[in-house]
2 protein chains.
Amino acid sequence: MAATPEPAGPRSDDVPWLDPAEKEAWTGLVSLILLLPGRLEAPLQRESGLTLFEYLVLSHVSEAPERRLRMSELAFMANGSLSRLSNVVKRFEQRGWMERSPDPGDGRYTIAALTDAGYEVVVAAAPVHVRAVRQAALDRLDAADQAALARVAEKLRVRPVDLA
Amino acid sequence: MAATPEPAGPRSDDVPWLDPAEKEAWTGLVSLILLLPGRLEAPLQRESGLTLFEYLVLSHVSEAPERRLRMSELAFMANGSLSRLSNVVKRFEQRGWMERSPDPGDGRYTIAALTDAGYEVVVAAAPVHVRAVRQAALDRLDAADQAALARVAEKLRVRPVDLA
DNA sequence: TAGGTTTACTTCACGCATGAAGTCAACCGA
DNA sequence: TCGGTTGACTTCATGCGTGAAGTAAACCTA
């Protein structure tokens with residue numbers, strides 16, 4: 001397999017190209033990024049009609065005290081931008097799974113709350129998701145792999161721009 | 001941070017829940033999947049108007065002998081489904097970056113070829129991408145991390161359905 | 001207390017991804 | 001050689017994600 005996407009022609013000046021070890025890491029990362037989301041989401045999508053991100057949103061609010069969270073905190077927890085979250089919560093509101101209200105203490109904040117209907121949706125979706133995670137990932141990794149994955153992810157963790 | 005998306009209520013029967021180590025691996029994987037694509041694509045998008053997947057497509061054809069490849073091989077190499085590739089190549093054809101023709105030997109195959117215009121696009125995009133990869137990933141990982149990442153990705157590697 | 005700035009969020013237009021259904025070529029079996 | 005099956009794509013409707021621009025509340029600062 002031709003793993004290097006280096007164009008065959010004259011190479012650029014200032015950017016050092018990837019050595020073999022780097023290339024392998026890069027190839028692996030790319031395949032994770034492009035193939036895993038589908039695998040992880042497919043069961044959730046089929047059985048609960050949810051995106052991975054949507055599931056994370058629901059599950060994080062469901063665990064928060066009183067099942068309520070500020071939009072910005074929720075966005076952070078669910079690994080998404082505020083914009084993305086806003087769109088998702090709007091859809092959830094239309095389906096009756098969530099409700100939004102301004103924070104009485106500071107009107108700039110919006111508090112997102114899970115309804116009972118929304119709660120039932122997460123409860124139904126959770127085992128589906130866990131099964132998918134085991135099947136697509138955890139079952140294929142031993143303890144050392146899992147630890148390494150957690151370590152690497154921690155080092156690469158990065159935040160979307162619009163929440164500072 | 002509330003890391004477990006386990007709903008607070010009665011837990012499901014048959015699916016074993018995640019233990020702490022598994023939970024960390026899972027959390028890490030999820031954040032990689034949700035946050036890295038954006039980081040990796042943003043520069044490519046801004047400076048070359050390309051998706052990560054689109055870049056991979058271009059760069060893999062550019063390295064193939066005579067800059068031609070069967071659609072199915074290309075889809076496999078670029079970590080995408082045939083359907084996704086077909087849409088991308090169609091757009092590229094409209095921009096004059098690629099051309100498609102049926103394989104003379106077996107009319108079921110389609111051969112995708114890079115034009116000179118397309119070649120110039122990859123050459124311009126490559127350093128942008130490499131810089132992004134270094135910045136978002138490689139620079140933050142030492143050699144052991146990189147090896148671990150490659151190993152884990154290999155174990156999780158999985159193929160889209162429609163290319164068997 | 002008025003003007004400007006920051007913070008938190010929302011909206012919308014655009015574009016890409018998905019996957020089910022369709023097309024067309026080649027192969028196979030009787 | 002004809003009908004069925006497999007293989008390799010292609011198409012299209014639907015829906016989600018992105019990011020730039022907008023709104024509105026609170027916080028300065030003089």
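These values consider heavy atoms only, across backbone and side chains, with no hydrogens, waters or symmetry-generated copies. A note on names: the letters A, B, ... follow the listed sequences, proteins ahead of strands, and every chain is numbered from 1.
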For residues 41-54 of chain B, which residue pairs pass the salt bridge (charged side-chain N to carboxylate O under 4.0 Å, His left out) check, not counting sequence neighbours?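 Residue pairs with at least one partner in residues 41-54 of chain B: B:Glu54-B:Arg91.
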List in chain and number order the residues that pass salt bridge (Lys or Arg N to Asp or Glu O under 4.0 Å) with [X], two or more places apart in sequence or in another chain; answer none if no residue qualifies.
X        : result
A:Lys155 : B:Asp142, B:Asp145
A:Arg95  : none
A:Asp116 : none
A:Glu73  : none

Which angle, rounded to 10°, do you find between the first-five-pair axis and the last-five-pair axis of the helix from C:dT1-D:dA30 to C:dA30-D:dT1?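 Its terminal axes enclose an angle near 20°.
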Output the single nucleotide from D:dT18, D:dC9, C:dC16 whose closest atom is nearest the side chain of B:Arg91.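 Minimum distance to the B:Arg91 side chain belongs to C:dC16.
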Candidates D:dC12, C:dT11, C:dC16 - which lies nearest the side chain of B:Asn87: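 For B:Asn87, the side-chain atoms sit closest to D:dC12.
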Kindly state which residues belonging to residues 41-49 of chain A come within less than 4.0 angstrom of DNA chain C, counting heavy atoms of the residue only, listed by number.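 Contacting residues: none.
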Starting from P on D:dG17, measure out to CG on A:Asn79 and report it in whole angstrom.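 Whole-Å distance recorded here is 13 Å.
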What is the separation between atom CD on A:Gln94 and atom P on C:dT10, rounded to the nearest whole Å?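 Going from CD in A:Gln94 over to P in C:dT10 covers 13 Å.
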Please write out the pairs of protein N or O atoms and N or O atoms of nucleotides 20-26 of chain D separated by less than 3.5 Å, giving the distance to one decimal.
unit_1, atom_1, unit_2, atom_2, d
D:dA26, OP1, A:Gly107, N, 2.7
D:dA26, O4', A:Arg108, NE, 3.4
D:dA26, O3', A:Arg108, NH2, 3.4

Residues in side-chain hydrogen bond (donor to acceptor under 3.5 Å, both in side chains) contact with B:Arg140, at least two apart in sequence or another chain: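 By the side-chain hydrogen bond (donor to acceptor under 3.5 Å, both in side chains) rule, B:Arg140 matches no residue at all.
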By side-chain contact (heavy atoms from CB on, under 4.5 Å) - contacts of B:Ala148 (at least two apart):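 A:Ala148, A:Arg151, B:Arg151.
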For A:Ala124, enumerate each residue passing the side-chain contact (heavy atoms from CB on, under 4.5 Å) test, keeping only those at least two apart in sequence or located in another chain.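 A:Ala124: no side-chain contact (heavy atoms from CB on, under 4.5 Å) contacts found.
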Suppose the criterion is ring pair (Phe, Tyr, Trp, His ring centres under 6.0 Å): which pairs have a residue in residues 79-103 of chain A, not counting sequence neighbours?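 Matches after skipping sequence neighbours: A:Phe92-A:Trp97.
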Base, sugar-phosphate or nothing for B:Thr110? Non-hydrogen atoms, less than 4.0 Å.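 Sugar-phosphate, no base atom in range.
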Would you call the rings of A:Tyr55 and A:His129 parallel, tilted or perpendicular if under 30° counts as parallel and over 60° as perpendicular?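 Ring orientation of A:Tyr55 relative to A:His129: tilted.
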